[in-house]
Amino acid sequence: MDSFQSQTRKKRLTPNQVRLLETSFNFNNKLDPDRKSQLAVQLGVPPRQVAIWYQNKRAREKNQSLETDYKMLQVRLENTVSHNARLKEEVERLKDELSKVPRFELG
DNA sequence: TTGTGTTTTACGACCTC
DNA sequence: GAGGTCGTAAAACACAA
């Protein structure tokens, strides 16, 4: 492996490293410079890798949140559609009922 | 195995403050 | 300018066939 590869090769963080990052992220999802260096030392990884992990984590959280919102909206849409169908049935029933009422000439 | 789908890592381009 | 998001490539991983 050459030096370029050894520096850029994608290396997975260990479960313990991830746990530490998760804990820190849950406390504050933005990374101030002091926290970044502190985590880098604790984890034994370059500060850049900590920053990138935070960026990716924020993106994952955002995606999950969008997915949750989407599912909620889908449920609301289904409920609205079925409510609309019931209202239409009711309108038809009332129209039918009205058609059976004898008409009176006014005036 | 290996082919394939998913997740994670890393980065460049662009944006905001 | 530093640090953010967004989009994406590619490595790592999971797992059915």
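So you know, we letter chains A, B, ... as the sequences are listed, proteins then strands, and number each from 1.
- Going from atom CD of A/Gln55 over to atom P of C/dT8 covers 17 Å, rounded to whole Å.
- With the nearest nucleotide of DNA chain C identified for both A/Lys36 and A/Ala59, A/Lys36 has the one nearer the 5' end.
- Among the nucleotides C/dA10, B/dC11, C/dT5, the one closest to the side chain of A/Lys62 is C/dT5.
- Rounded to a whole Å, the NZ atom of A/Lys10 is 17 Å from the P atom of B/dT7.
- In terms of modelled atom types and a separation under 3.5 Å, the side chain of A/Asn26 and the main chain of A/Glu22 share a donor-acceptor contact.
- The side chain of A/Arg48 has B/dC11 as its nearest neighbour among C/dG3, C/dT5, B/dC11.
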Solution key, residues 27-45 of chain A side-chain donor-acceptor pairs under 3.5 Å, sequence neighbours excluded:
from	atom 1	to	atom 2	distance (Å)
A/Asn28	OD1	A/Lys30	N	3.0
A/Asn28	ND2	A/Lys30	O	3.4
A/Asp32	OD1	A/Asp34	N	3.3
A/Asp32	OD1	A/Arg35	N	3.0
A/Arg35	NE	A/Ser24	OG	3.1
A/Arg35	NH1	A/Gln38	OE1	3.3
A/Arg35	NH2	A/Ser24	OG	3.3
A/Ser37	OG	A/Pro33	O	2.8

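- In this structure, OH of A/Tyr54 is placed 17 Å from C1' of C/dT5, rounded to the nearest angstrom.
- Rounded to whole Å, the distance from CG on A/Asn56 to C1' on B/dT6 is 15 Å.
- In this structure, the CG atom of A/Leu66 is 11 Å from the P atom of C/dG7, given to the nearest Å.
- Comparing A/Ile52 and A/Arg12 along DNA chain B, the residue whose closest nucleotide (by nearest heavy atom) sits nearer the 5' end is A/Arg12.
- The number of heavy atoms from other shown groups lying within 6.0 Å of CZ (A/Arg76) does not exceed 12.
- Straight-line distance from the CG atom of A/Asp34 to the P atom of C/dA2: 16 Å, rounded to whole Å.
- Note: NZ (A/Lys57) to C1' (C/dG4) measures 18 Å, nearest angstrom.
- A salt bridge between A/Lys95 and A/Glu92 is present, with a side-chain N of the basic residue lying under 4.0 Å from a carboxylate O of the acidic one.
- Distance CH2 (A/Trp53) to P (B/dC11): 17 Å, rounded to an integer number of Å.
- Looking at heavy-atom distances under 4.0 Å, A/Arg60 makes contact with a base.
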